[in-house]
Amino acid sequence: AGNITYKKNREMQEALKFIPLNRLLIETDSPYLSPQKVRGKLNTPLYIGHTLDFISQELQIERDKLNSILNSNIELFYNI
């Protein structure tokens, strides 16, 4: 959720590095936990890109590649 982007949330950001990429999913947790860039505003699914960008930077994976991995994980999770 967007709270992984919070500056003081280093524990969660460090834990992210131990999650296998084939098990990683992201979510909005709307209407709460807006990403740092829009913190204080009511969260919407439109803001998930901020979380994706942050995770991409943290894991040093290109945004498009991470997005593709996450889409594959969603398809597996929901058996699509």
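Bear in mind the structure is a predicted one, so any value in this text is a computation, not a measurement. Numbers for residues simply follow the sequence, beginning at 1.
Summarising the local packing, NZ of K17 is surrounded by more than 12 heavy atoms from other residues, nucleotides or ligands at distances under 6.0 Å. Remark: Q60 CD is loosely packed, at most 12 non-hydrogen atoms of other residues, nucleotides or ligands lying under 6.0 Å away. More than 12 heavy atoms of other shown residues, nucleotides or ligands fall within 6.0 angstrom of atom CZ in R10.
Rounding to the nearest 0.5 angstrom, the gap separating the CG atom in L66 from the CG atom in L52 is 5.0 Å. We find the CG-CZ distance between L76 and R23 to be 8.5 Å, quoted to the nearest 0.5 Å. Distance check: N71 CG to N73 CG gives 9.0 Å after rounding to the nearest 0.5 Å. The structure places NZ of K65 at 11.0 Å from CG of L59, a figure rounded to the nearest 0.5 Å. Interatomic distance, CG of N3 versus CZ of R39, reported as 8.5 Å (0.5 Å rounding). Interatomic distance, Q36 CD to F54 CZ, rounded to the nearest 0.5 Å: 9.0 Å.
With a 4.5 Å cut-off between side-chain heavy atoms of Ile, Leu, Val, Met, Phe, Trp and Tyr, the cluster of L33 takes in Y6, Y32.
Within the 3.5 Å criterion, the main-chain N or O of T51 finds no donor-acceptor partner in the side chain of T5. Without hydrogens or angle criteria, E27 side chain to D29 main chain gives a donor-acceptor distance under 3.5 Å. At least one donor-acceptor pair closer than 3.5 Å links the side chain of S72 to the backbone N or O of S68.
When all heavy atoms are compared, the tightest approach of L24 to L70 is O-CD2, 3.3 Å. Closest of all the heavy-atom pairs between L21 and I69 is O-CG2, 3.5 Å. Summarising the geometry of P45 relative to T28, their closest heavy-atom pair is CA-CG2, 3.4 Å, with the distance given to 0.1 Å. Summarising the geometry of Y47 relative to L42, their closest heavy-atom pair is CE1-O, 3.5 Å, with the distance given to 0.1 Å.
P35 has its side chain within reach of N43: a pair of non-hydrogen atoms, C-beta onward, lies under 4.5 Å apart.
The cluster map of Ile, Leu, Val, Met, Phe, Trp and Tyr, joined by side-chain heavy atoms under 4.5 Å apart, puts I48 and M12 in the same cluster. Under the 4.5 Å side-chain heavy-atom criterion for ILVMFWY residues, no single connected hydrophobic cluster contains both L25 and L16.
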